[in-house]
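Letters A, B, ... mirror the listed sequences (proteins, then strands); counts begin at 1. Because the structure is predicted, anything quoted here is derived from the model rather than measured.
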Amino acid sequence: MSEEVRVRFAPSPTGYLHIGGVRTALFNYLYARHNKGTFILRIEDTDRTRSTEEYIDAIIEGMKWLDLDWDEGPYRQTDRFDVYRRYADKLLNEGKAYYCYCLPEELERRRQEALVQGKSPKYDGRCRNLKEPLTGRIPAIRFRMPQEGETVVNDLIRGKVTFENALLDDLIIMRSDGTPTYNFTVVVDDVDMNITHVIRGDDHLNNTPKQIHIYNALGYEVPLFAHLPMILGPDKTRLSKRHGATSVLAYKEMGYLPDALVNYLVRLGWSYGDQEVFTRDELIKYFSFENVGKSSAVFNPEKLLWLNSQYIIKTATENLIDLVMPFLIREKVINEDRILNKEWLSKAINTLKERSKTLIELAYSLRFYIVEDIEYDEKAKARFLNERHLPYLIDIRKELEALNNFIAPEIEKAFMSVVKKHNTKLGNVAQPVRVAITGKTESPGIFEVLEIIGKEKTLKRLEKAIKTIGIKP
RNA sequence: GGUCCCAUCGUCUAGAGGCCUAGGACAUGGCCCUCUCAAGGCUAAAACACGGGUUCGAAUCCCGUUGGGACCGCCA
């Protein structure tokens, strides 16, 4: 027995990689990295009618975006059908599994009947001790589940969970079309891949005793289990498409930083004292199941947004340039062929970093720096581009025009001189200028903004504002 | 219906029988800073689901009730 920790994330490509899946992947990843173990990616695509290549690609892309790098795989179960077949034959030969000739429609009918009568829908075992094969039907293979005693799942998060064997169903391990089913393939693969810890969603806890019996039947040691609590939507039901974004990649499109999402998700059900923000290294260092909670958690978009803004502030401006560029193009702030001076752009970004909760917001707010013609917000225009503020605009234009060194401290002096001359408050000069330059009543500090916009554009925009007031009384 | 799981502010959580007058974070209100908006600082309001035990002492241990969730497929 090796000491090495081997864990796996095993999504089925019947849908996109969603928040819940990512959290499972993340906890597997953290546990592996914390223990210097191996993290395996396995695609559970035995349901051939619902699995698609597109989903597989999206899962992989999502994992890569979040930088949840795996060490082995992706393995695909559809490549391993002969392995399952071999194990199934073995169980058949040993009498631990048997052919079942019941038709899916028959089973479904019996299930419904049981439900109507308020009984537990369980396979009645009518093919369990068949002496002769039934002709004219292609059988499925069922696992012969022990019916006495109880099974204890020793869960790293839940503790001991006990199940009565009499309640366990003889489940189908091979369909009549020869393809294997989930509860069988997981066990075979986890055995085959030497998985030491099965870390997965809470929804599998009820499957676990059945799987334990398959391990036993196959003669293998049972791995350790850790069942993670579910993530709920705002209505406290299981997170689903109704609750907004389906794919994690949608979060990428919405301008979230991968590390912010990871940080948010890890705190859903896990904690480390009062700490809220973690680097990836800290996460790996501190992670343990002892600090994983047992109860399900409601997904809270507001806190994610807050964390995202914290990560934007933390990110080096240099990196932010590359991150925001696709959004500048997508939101048509710049044309694809237009090359911006990086040094200049980083100055602009610096003023907007702590004002942006997402990369989209950052891209939008960068607009007034970049475009030639800004548009006035109607309310802002009505309030500040009027007769009352006209003298200030005329004077500040004059003062700024006279500046040789167009830098923030000099610009400030110019403003102060106008303020003094009119014996007014700075806001009365700054706000109309802000509207003239940015089109809005909110922006970063106006002196900095003017420096970054530059003298030429500043004067041009001031003149346009002055003219606007002249035209419209 | 059966089985299993869970239960601290609106939400995420700290809490391992006395450090609890229940702490932190998001969101919300107020104040400070201030050229606006943010960021930041300070501050306010806000929770141990309920009922029984055990104990000198319970958010913490036990039992029950209630509430929520998951699963009961030839889906995974």
[N] to [M] separation - [atom1] atoms, rounded to the nearest Å:
N: B/A14; M: B/U8; atom1: P; value: 10 Å
N: B/A76; M: B/G18; atom1: P; value: 49 Å
N: B/A16; M: B/G1; atom1: C1'; value: 38 Å
N: B/C48; M: B/U3; atom1: C1'; value: 29 Å
N: B/G51; M: B/U13; atom1: C1'; value: 27 Å

Just checking [X]: base, sugar-phosphate only, or nothing, at a heavy-atom cut-off of under 4.0 Å?
X: A/S309; result: nothing
X: A/T185; result: nothing
X: A/S443; result: base
X: A/I446; result: base
X: A/Y264; result: nothing
X: A/I141; result: nothing
X: A/C100; result: nothing
X: A/G445; result: base
X: A/P11; result: nothing
X: A/S271; result: sugar-phosphate

Give every residue pair that meets the salt bridge (Lys or Arg N to Asp or Glu O under 4.0 Å) criterion with at least one member in [range], sequence neighbours excluded.
range: residues 133-154 of chain A; answer: A/E106-A/R137
range: residues 255-268 of chain A; answer: A/D259-A/R280, A/R267-A/E276
range: residues 201-212 of chain A; answer: A/R158-A/D202, A/D203-A/R238
range: residues 348-368 of chain A; answer: none

All side-chain contact (heavy atoms from CB on, under 4.5 Å) counterparts of [X], not counting sequence neighbours:
X: A/T78; result: A/D45, A/R48, A/R76, A/F81
X: A/L115; result: A/Q112, A/P121
X: A/T279; result: A/D281, A/E282

**Report entry** Separation of B/U13 P from A/K294 NZ (nearest whole Å)
**Finding:**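 In whole Å, B/U13 P and A/K294 NZ are 14 Å from each other.
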
Query raised in the report: Expressed in angstrom and rounded to an integer, what is the separation of A/L167 atom CG from B/G1 atom C1'?
Result: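 Taking atom C1' of B/G1 as the reference, CG of A/L167 is at 13 Å.
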
Report task. Sorted by first residue and then second, give each ring-ring contact (aromatic ring centres under 6.0 Å, His included) pair with at least one member in residues 418-446 of chain A; sequence neighbours left out. Result ->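 Output for this query lists A/Y392-A/H422.
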
Report task. Step by step, work out the ring pair (Phe, Tyr, Trp, His ring centres under 6.0 Å) result for A/H197 and A/F27. Result -> CA-CA 11 Å; A/H197 302 254; A/F27 280 38; over 10 Å; no

Query raised in the report: For every nucleotide of nucleotides 20-34 of chain B, 5' to 3': is a protein heavy atom under 4.0 Å from its base (B), only from its sugar-phosphate (S), or from neither (-)?
Result: ---BBBSS-------

Report task. Please list residues of residues 358-367 of chain A whose heavy atoms come under 4.0 Å from any atom in RNA chain B, ordered by number; otherwise none. Result ->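 By residue number: none to list.
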
Query raised in the report: Picking from B/C12, B/C74, B/C35, which would you name as closest to the side chain of A/R434?
Result: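 From the listed options, B/C35 comes nearest.
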
Could I get a table of every N or O pair under 3.5 Å where one atom is in the protein and the other is in nucleotides 69-73 of chain B?
unit_1: B/A70; atom_1: O3'; unit_2: A/R238; atom_2: NH1; d: 3.4
unit_1: B/A70; atom_1: N3; unit_2: A/N206; atom_2: ND2; d: 3.4
unit_1: B/C71; atom_1: OP1; unit_2: A/R238; atom_2: NH1; d: 2.7
unit_1: B/C72; atom_1: O2'; unit_2: A/P121; atom_2: O; d: 3.4

Query raised in the report: So, do A/F415 and A/F447 have ring centers that fall under 6.0 Å from each other?
Result: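 Yes, close enough.
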
Query - Toward the 5' end of RNA chain B, by each residue's nearest nucleotide, A/I138 or A/R158 - result: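 Result: A/R158.
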
Query - Most 5' of A/G293 and A/R142 on RNA chain B, judged by nearest nucleotide - result: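 Upstream on the strand: A/G293.
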
Partner nucleotide of [N] by Watson-Crick or wobble geometry (both distances under 3.5 Å):
N: B/C9; value: none
N: B/G40; value: B/C32
N: B/C61; value: B/G53
N: B/C4; value: B/G69

Query raised in the report: Looking at B/C37, does its base get a donor-acceptor pair with the side chain of A/R355 below 3.5 Å?
Result: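 Yes.
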
Query raised in the report: Think A/K347 forms a cation-pi with A/Y369, using NZ or CZ under 6.0 Å from the six-ring centre and within 45 degrees of its axis?
Result: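 Judged by the rule, A/K347 and A/Y369 form no cation-pi pair.
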
Query raised in the report: Tell me the side-chain hydrogen bond (donor to acceptor under 3.5 Å, both in side chains) pairs involving residues 428-442 of chain A, sequence neighbours left out?
Result: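 Checked against side-chain hydrogen bond (donor to acceptor under 3.5 Å, both in side chains) - neighbours excluded - the pairs reaching residues 428-442 of chain A are A/T424-A/N428, A/Q431-A/R434, A/R434-A/S443.
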
Query raised in the report: Reckon A/S295 has a side-chain N or O less than 4.0 Å from the OP1 or OP2 of B/C5?
Result: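 Answer is no, no contact under 4.0 Å.
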
